[in-house]
Amino acid sequence: MPKEIIGKGTWYDKAAKSLIEREKSLGRTLTPIRTESGLGASGFPHIGSLGDAIRNYAVALGVKLQGYDSELVAFSDDKDGLRKVPAGLPKEYERWLGYPVSDIPDPAGDCHESFGSHMTSLLLEALDKCGVEYKFQSAAKVYELGLLNREILTILENVEKAGKIIKEELGQEKYLETLPYFPICENCGRIYTTNAYEYVPDEHKILYRCTGMEVKKKWLNGCGHEGEVDVLSGKGKLSWKVEFAARWKALDIRFEAYGKDIADSVRVNDRICREILGFEPPMHVQYEMFLDKGGKKISKSAGNVFTPQVWFRYGTPQSLNLLILKRFVGTRSCSVDDVPTHMDEFDHLEEIYFGKSGIIDELESIKLSGLYEYCWMLKPPIKPSVHIPYNLLVQLAKVAPKGSETDFIRNKLEKYGYLKQGAEGLEERIRFALNWLNDFGRITKIEVKMSEKEAEAIESISEMLQKVKTADEYQSAVFQTAKNLNMSPKNIFQILYKILLGSSQGPRFGSYVEALGSDKVIKELRKAVKKSGKK
RNA sequence: GGGUCCGUAGCUCAGCAAGGCAGAGCGGUGGCCUCUUAAGCCAUUGGCCGAGGGUUCAAAUCCCUCCGGACCCGCCA
């Protein structure tokens, strides 16, 4: 059974291989083979936006790995209009609905020149952290510089054909009458309220009316202005239904993975690209979306969407890359809860990569090592970092004295023997754990079921705790009770920890009671006994 | 109305491209460390691979049908 490994044995290598073969059979130049990712700029970038770029970059890396030149183009859709005020922004932003996001002021003050560039910069920042290299393009700039001019003209010259293709593929008849171009209204400045109704080829001009449009089930009033625009002036943009095609050709894009939410647009654009622009469209792969897990709030503050920045508060960029790269198919639901498992899983991959894990299947090992390298964007470190279960760090952080958390945790880990191989990256991990604890640290109480005898034991302990004062005495109360009632201490400890911590294990009971205060503990214990209905 | 994905151990999932022994982690259980030490180690438990059919010497994997769950599109971008 001959199994030949392509590249690093990942999905991305396979895609890269068929991409190269496709380009060869099309007889196109191979320097470079470009992939593209579209960056939405009309809201806070979330994990999905980052995922799109990372996947397209991974394919570009796969191409490089096979000895060909490649490049990721990160194309910011910053000429799109604002359709909805993103959660977390003041309602006053409604006044900007319909304006190109590159013409709206920066919501964070004046750190960027516009709303669009602020949003884009958040995503680029995340890409940088994740190790993605890209060539940045801004739609606003691209139109301004006239980089799409030839394609705009060709499309407008063949506008009936374009409208027909759109109708055939989508059943949408709108573009049989309206031109697939949105002028920015020279009177009110909005882009989504204009209706382009006539094209004058000789002067490459479009005549439009600012009539208004329905966006997100809300009617946006136009200002009624009638005007004309030179389509080469950059004072407008193509509709998405034809714009992809234009930029694929103009920027010479050969591959673009896309989320299934825009599958229809891609299908239409493929035909526009091939049949009107005469350019064989890029190879595509459709991936599934990332979803939020229902009903789970990330934090109390409103509008805290699941952004890369949130992930980086608790985990490394590589662990986020793992989340995005490890699986290609399948709808993915994800939330910040996934950080600990992905941190641990990444450690596991690192052990395999550095040959420190137990014997596993060779093919499996190659593939997982390959995945590890892709998580590092093929620039893995020479030395592994320190590996500590994420939960352990959080637990240690929980009991660490305020003010000297780092020293406390470091000492404990030393004692547990975790730092024998060095402490590379320990500070960062402690910081992640402290952030996690700080944001999600509250103890989740569970209803504890217990037998009559167990309830009796808890009640007895409560009484004994009232009479004594030191950690040792607290501790021995448990064993004394166990002896008196002829029960196993283990059993009692488990119940105690379940009541107090929601887990069947815990710190040394005596010192825990001392730290928390016996009054509080007694109160908790009695409450639990009462709830269990055994007393 | 059109389309996509998922279903494998109690849980999270890998394995499916390219058919060849049913896998991992977590959890559970038991044990070790002279009562708990939030560590660690050892052992052990776990399965109608959603159902049915087809192809094949051989199917979790490929094809068809169905069931269940979820999502996207059907405004716009």
Side-chain angles (χ1 to χ4, degrees), chain A residues 1-6 9-11 13-15 17-18 38 40-43 77 79-84 98 100-101 139 169-172 174 182 191-192 213-220 237-241 243-244 258-267 286-291 294 326-333 337-338 340-342 344-345 348 352 357-358 360-361 363-364 367-368 371 388-389 391-399 412-418 475-476 478-480 482-483 488-490 492-494 496-497 501 503-512:
Chain A
M1 183 185 55
K3 284 225 174 185
E4 189 192 333
I5 306 288
I6 303 164
T10 70
W11 188 91
D13 299 294
K14 196 190 158 219
K17 190 180 182 204
S18 26
S42 48
D77 289 312
K79 211 174 174 63
D80 290 3
L82 185 69
R83 286 163 293 146
K84 202 183 150 196
V101 292
E169 292 295 330
L170 307 178
Q172 186 185 34
K174 171 177 171 178
F182 289 102
I191 191 166
Y192 285 160
M213 182 193 268
E214 189 183 315
V215 173
K216 293 265 176 194
K217 289 177 184 165
K218 264 187 171 173
W219 181 258
L220 266 185
K237 76 183 286 289
L238 292 170
S239 158
W240 249 25
K241 297 273 164 7
E243 186 186 63
F244 293 169
Y258 61 89
K260 69 177 177 185
D261 54 332
I262 60 163
D264 287 344
S265 293
V266 169
R267 202 172 67 243
Q286 182 176 312
Y287 60 81
E288 295 293 315
M289 314 300 292
F290 280 98
L291 306 169
K326 75 171 180 178
R327 258 203 317 160
F328 192 84
V329 293
T331 305
R332 311 277 302 279
S333 67
D337 294 344
D338 297 324
T341 49
H342 283 82
D344 290 345
E345 188 175 339
H348 181 60
I352 291 169
S357 190
I360 57 169
D361 181 69
L363 186 68
E364 180 93 351
K367 282 169 107 170
L368 292 176
L371 178 57
I388 303 156
N391 269 333
L392 173 60
L393 276 174
V394 174
Q395 304 297 2
L396 286 175
K398 218 180 246 182
V399 291
K412 283 281 181 191
L413 290 173
E414 195 92 49
K415 216 170 111 195
Y416 294 161
Y418 270 103
Q475 182 79 9
S476 56
V478 180
F479 292 104
Q480 193 57 50
K483 224 174 186 176
S488 86
K490 184 172 182 167
I492 300 182
F493 275 115
Q494 282 183 351
L496 286 171
Y497 290 123
L501 298 168
S503 121
S504 56
Q505 297 182 353
R508 192 174 174 83
F509 183 70
S511 44
Y512 181 79

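So you know, we letter chains A, B, ... as the sequences are listed, proteins then strands, and number each from 1. Fair warning: this is a prediction, and the values are worked out from it, not measured in the lab.
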P gap between B/C66 and B/C5, integer Å | 16 Å

Nucleotide nearest A/L392 (side chain, heavy atoms from C-beta), chosen from B/A38, B/C72, B/C76 = B/A38

N/O (side chain, A/K326) to phosphate O (OP1/OP2, B/C13) under 4.0 Å | no

Please confirm whether the backbone N or O of A/G81 pairs with a side-chain atom of A/Y192, one donor and one acceptor, at under 3.5 Å?
-> yes

Working to the nearest 0.5 Å, report the span between NZ of A/K237 and CG of A/D80.
-> 4.5 Å

Identity of whatever pairs with B/A60 - Watson-Crick or G-U, under 3.5 angstrom | none

B/A9 and B/A24, which share atom name P, separated by this distance in whole Å | 14 Å

The side chain of A/Q172 lies closest to which of these nucleotides: B/U4, B/C76, B/C73?
-> B/C76

Atom-pair distance (OH on A/Y258; C1' on B/G3), nearest Å = 11 Å

Mate of B/U34 across any strand shown (Watson-Crick or G-U wobble, both atom pairs under 3.5 Å) is none

Within-4.5 Å side-chain heavy-atom neighbours: A/L413 and A/L393 = yes

When rounded to the nearest Å, what value does the distance between P atoms of B/G25 and B/A70 take?
-> 31 Å

Any chance you could measure A/K241, atom NZ, to A/E169, atom CD, to the nearest 0.5 Å?
-> 12.0 Å

NA contact type, A/S476, heavy-atom cut-off 4.0 Å: base, sugar-phosphate, or nothing?
-> nothing

Determine: side-chain N/O of A/K17 to OP1/OP2 of B/A17, distance under 4.0 Å, yes or no.
-> no

Partner nucleotide, any strand, of B/G7 [Watson-Crick/G-U, under 3.5 Å] = B/C67

When rounded to the nearest 0.5 Å, the distance separating CH2 of A/W240 from CD1 of A/I262 is 5.5 Å

Between CD of A/E345 and C1' of B/U12 the distance, given in whole Å, is 10 Å

Shortest non-hydrogen pair, A/L82 vs A/S42, comes out as CD1-O, 3.7 Å

For A/Q286 and B/C71, give me the distance from atom CD to atom P, rounded to whole Å.
-> 17 Å

Mind calculating the distance between CD1 (A/I262) and C1' (B/U4) to the nearest angstrom?
-> 14 Å

Pair partner, B/A22 [Watson-Crick or wobble, under 3.5 Å] | none

How far does the P atom of B/C67 sit from the matching atom of B/G74, given to the nearest Å?
-> 27 Å

Ranking B/C73, B/G40, B/C76 by distance to the side chain of A/P389, first place goes to B/G40

Measure from the side-chain heavy atoms of A/D264 and tell me the nearest of B/C76, B/C73, B/U36.
-> B/C73

Whole-Å C1' distance, B/G23 and B/G47 = 11 Å

Nucleotide of B/U36, B/C76, B/C73 approaching A/Y192 most closely (side-chain heavy atoms) = B/C76

Can you tell me, in whole Å, how much space there is between the P of B/C72 and that of B/C11?
-> 25 Å

Interatomic distance where CZ belongs to A/F493 and C1' belongs to B/U36 [whole Å] = 6 Å

State whether A/Y418 places a side-chain N or O below 4.0 Å from either non-bridging phosphate oxygen (OP1 or OP2) of B/G40.
-> yes

Go ahead and name the base partner of B/A39; Watson-Crick or wobble counts if both distances stay under 3.5 Å, otherwise write none.
-> none

Between atom CG in A/L82 and atom P in B/C76, what is the gap in whole Å?
-> 17 Å

For the pair made of CD1 in A/I352 and P in B/G25, what is the distance, rounded to whole Å?
-> 10 Å

Should B/G1 form a Watson-Crick or G-U wobble pair with both distances under 3.5 Å, which nucleotide is its partner?
-> B/C73

Partner of B/U44 by Watson-Crick or G-U wobble geometry, both contacts under 3.5 Å, or none?
-> B/G28

Complement of B/A17, any strand, by Watson-Crick or G-U distances under 3.5 angstrom | none

Which nucleotide in B/A17, B/C76, B/C73 has an atom nearest any side-chain atom of A/K14 | B/A17

How close do A/Q475 and A/F493 get, heavy atom to heavy atom, and via which atoms?
-> NE2-CZ, 3.8 Å

Nearest to the side chain of A/Q475 - B/U36, B/U4, B/C76?
-> B/U36

Which value, rounded to the nearest 0.5 Å, describes the distance between A/R267 atom CZ and A/F244 atom CZ?
-> 13.0 Å

Mind checking A/K84 for me? I need base, sugar-phosphate or nothing, with any heavy atom below 4.0 Å counting as a touch.
-> nothing

Inter-nucleotide P distance (B/A22, B/C49), Å rounded = 11 Å

In whole angstroms, the gap separating C1' of B/C13 from CG of A/L368 amounts to 13 Å

Would you indicate which nucleotide in B/C35, B/G40, B/U36 comes nearest to any side-chain atom of A/F479?
-> B/C35

Between B/C16 and B/A59 - C1' atom distance, rounded Å = 10 Å

